[in-house]
Amino acid sequence: MKPELIQSGPRDAYIVAVGESPGRNEIEQGKPFVGAAGEILDRAFTQANRALGRTLLLHHELFITNLAHIQPPGNDFDYFLHPQLRPELMLGILQLKKDLEEIRPNLIIALGNMPLRFLTGKEGIGKWRGSILPCTLVSGLKVVATFHPASILRVYDNNGVFQTDIRRCAEESLTPELNLPKRDFYIDPIADVRNELILEMCRAEWLSIDIETVKQTDGTWHISCVGFSDYADRAMILPWNSSDNRLAIAVLCSCQAKKIFQNGMYDISVLLDNGIKVKNVVWDIMYGHHALYPECGGSDDEVTELLGTKRVARSALMKKLEFQTSIYTREPFYKDDKYTDDLPTFYTYNGRDAAVTREIRDVQERELRDFGTIEVFEHEMALQPLLMHMTRAGIQIDTVEMNRLKAEYEEKIGRLQDFLDKGAGRSVNVKSPDVKWLLFEKLGLPVSKRSEKTDKPSADKYVIEALNTKHPHPLLGAILEIRSLRDLIERYLDTKLDADNRWRASFDPTGTRTGRLASRSNIYGTSNNIQNIPERIRRMFVADPGKILFSIDYSQAEARVVAWLARCESLIGVFNSGQDIHSRNAARFFNLEGTDYEIKTLQGGLRFAAKRIVHGSNYGMQAQRLIESANDDARRTGSPHRLTLDIARRGQETYFLLYPEIKDNFWREVREALRDTRTLNTPFGRKRQFFGRWDEKLMNEAYAFVPQSTVGDLACKAMIRLWDNDKEQWKLRPGAELLANGHDSLIGQCKIEDIRWTVAMVRKAMDIPMLIHRRELRIPTDVEVGHNWSDYNEQTNPDGLMELSKWLQKSRG
DNA sequence: GCAACGAGCGCC
DNA sequence: AAAGGGCGCTCGTTGC
């Protein structure tokens, strides 16, 4: 008997969607994609149609079928393939061929790797998804592949990509033609052709530039070739190996055309290292993409790939050119050409990159205007030159101090490690599972937390700190101490510096989902992230000779933004009154009203607890986690005070009781915005779409987004003001410069005699009024100055950071 | 021997 | 069951 076909839809459909094989529900109901996977597909089409302004009756346009029409044992498609192709699959594919020949849809959607393989002969859904491909099963038809909807259930991060792919499918289904972009590539052209092209390209409005490089053993980059494209249908590729070409490259880079890059900070730096200045850089498609899809922010992308520390993509949406090509253009996947031995193929690859970059710019401009984030893009572009400057300037490291710290910590580690090994009866590596053996087997202590991913017991500092409170044991403290000392050495004190002993961290405006800057090691592989340097080693960062460091931070910035977002009059009142908000809150949370609460709270460490409670509670942190972070702070700073669960709970309850608007307004409005549009807007015009699964984690991400983003943007806006040399009102004197961004703080240096003036300028630039719910918010700033970057201490760090007024007094005396 | 991955942890 | 968010880096383990 012929098996029943699990299919649905009309035989005059525009689109045929092809899955792998039916599941149990599909078999029972005789229809494909009836469960959760079907819902995902349905929803994506509805959204795509809405985005395209179409009202399309899905079921009249879409024919859905599978490669096979029986369920393989264990739902494992491999059953059909190994040890050899099974007849059930071959029958299914013949049926599919027949169906396609009869229906002749405008578009076939391959849902997953197997349909991709049998419809196009291509393999690797991650590479080929989104590409418009000729169908090899039935010639003359076209295929777009994307993830199988069921995979979205497992890897929800793919949801955003899936949605953009389905949108492409809805567009492609309008016409049957493959109609792929055609481009001409002029590879190392003869002088006449080259000169003609140079003339034309210099006169063009836009010119994209893309370099190919090889890393040298000394960390520098050798340029192989440079691609230029003035129109998306052509590109010129100039190998670096002739002096004529190098001159041509210099001419093109310095011409008046508006330049387009993909991750230009890299290209521009490398060109500069080779004596070539790029003028009129106006568009970076990585920045454009980030302003459209902030979810692409985060590491683990081509930036980190460049550094050789690539990790698996974690972001819902990637920002690399390969991905952008798949969503902004109709150019099929071609990145494998990069790894060819064939020189012409490689040069063509370079030219295609340039042409695609050129093409993407135009699409991005339209989309940025439609989406309403063109100002966000321009803001990030404005940051680029000053961030490059900061990276290239760097900060001086006192290497004597660096080595002294390392020696001190190594000595301590040696002693503690001896103590630990003797106590444990064997050697214990504190960064290995040895610790779990020691805690949970040898000492028989209880497991209190497990990894979400692997379900393995956790032995992190919170667990160990909690164990130490309940079952005190000297080895526990030793583990924590060794871990943190090893960390200081491995992650900071062993950092490779440049030959002039400067720390040159890079800054990346597309590095986060919020618009904060990300910081990491630079393109030559020296230095590291400068935004997580521990306080206890910051003293090795020093001002240049004759100069002094300043660190100016926004006071309680995120908490203020939350108060304004919540329209919480009482909290706004406390901020506006100029009182010490934490002492004030501590008094109220812990019932110290009417007493001399400031002294009491300060002495009791409750002020610190109040700070933690406010910050954590705003973003959905629970009491248990609150005390962990508060007590960790206390341990690190040597404070004897510990927060108990009871006190934390009471404090948190009081916080929400006193300021109910946090939940009633702020949280509620975030949830409503998410429910209605899955999009949040910030006071500075950022828009972030949330593609994640609808759960509390998504809510917590969303609560944190606007405050974090607003403060991050605020500090960057101030940096732009100070960089912009035309603006007389924030003009810094020669020798004064910004050195780093600490999210809510700016770090810089200036000549010692200019410190008052410089600080006044920077503070003025940082004083940026915002409107939140039509109410003005201006966040005050605190200033510290010193010769090194650690806090002042009369005995241990007399050259450290202190309040400006105190420093002036001290330096007069 | 290398690459991927998880755990852990520094900062705001 | 319990769960703040946002990052980047290093080590140790594991799997090929």
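Every chain is numbered from 1, with letters handed out A, B, ... down the list of sequences.
Residue contacts for A/S519: at a heavy-atom cut-off of 4.0 Å it reaches the sugar-phosphate backbone alone, with no base atom in range. A/L517 comes within 4.0 angstrom of no nucleic acid atom, judged by non-hydrogen atoms across all strands. Among the atoms of the strands shown, only primed sugar atoms or phosphate atoms (P, OP1, OP2) are found under 4.0 Å from some heavy atom of A/N429. Within 4.0 Å (heavy atoms only), A/P433 reaches sugar-phosphate atoms of the nucleic acid but no base atom.
Dashed line: the shortest gap from a side-chain N or O of A/Q531 to OP1 or OP2 of B/dC12 is not under 4.0 Å. In this model, the phosphate group of C/dA1 is not approached by any side-chain N or O of A/R450 to a distance below 4.0 Å at OP1 or OP2. Phosphate contact (OP1/OP2 of B/dC12, side-chain N/O of A/N741, threshold under 4.0 Å): absent. In this structure, A/N532 does not reach the B/dC9 phosphate: none of its side-chain N or O atoms is under 4.0 Å from OP1 or OP2. Contact between the side-chain N/O atoms of A/R625 and the OP1/OP2 oxygens of C/dG4 is found at a separation under 4.0 Å.
A/D455 pairs by the salt bridge (charged side-chain N to carboxylate O under 4.0 Å, His left out) definition with nothing, not counting sequence neighbours. In terms of the salt bridge (charged side-chain N to carboxylate O under 4.0 Å, His left out) criterion, residue partners of A/E669 (sequence neighbours excluded) are, by chain and number, A/R567. Listed by chain and number, the residues in a salt bridge (charged side-chain N to carboxylate O under 4.0 Å, His left out) with A/R671 are A/E696 (sequence neighbours excluded). Here A/D498 pairs with A/R504, A/T526 under the side-chain hydrogen bond (donor to acceptor under 3.5 Å, both in side chains) rule; sequence neighbours left out. A/N793 pairs by the side-chain hydrogen bond (donor to acceptor under 3.5 Å, both in side chains) definition with A/T796, not counting sequence neighbours. Residues that satisfy the ring pair (Phe, Tyr, Trp, His ring centres under 6.0 Å) test with A/Y293, not counting sequence neighbours, are A/H289.
Not a single donor-acceptor pair, N or O on each side, falls under 3.5 Å between the base of C/dG5 and the side chain of A/E701. Looking at A/R520, its side chain has no donor and acceptor atom pair within 3.5 Å of the base of C/dC9.
For residues 452-468 of chain A, proximity to DNA chain B is found at A/K453, A/T454, A/S458, A/A459, A/D460, A/K461, defined as any non-hydrogen atom under 4.0 angstrom from a strand atom. If you check residues 479-490 of chain A against DNA chain C, the residues with a heavy atom closer than 4.0 Å are A/R486, A/E490, listed by number.
Computed from coordinates, the A/R513 CZ to C/dG6 P distance equals 6 Å when rounded to whole Å. The distance from atom CZ of A/R693 to atom P of C/dA3 is 20 Å, rounded to the nearest whole Å.
Contacts classified as side chain to side chain donor-acceptor pair (under 3.5 Å) and involving residues 621-630 of chain A (residues at least two apart or in different chains) are not found.
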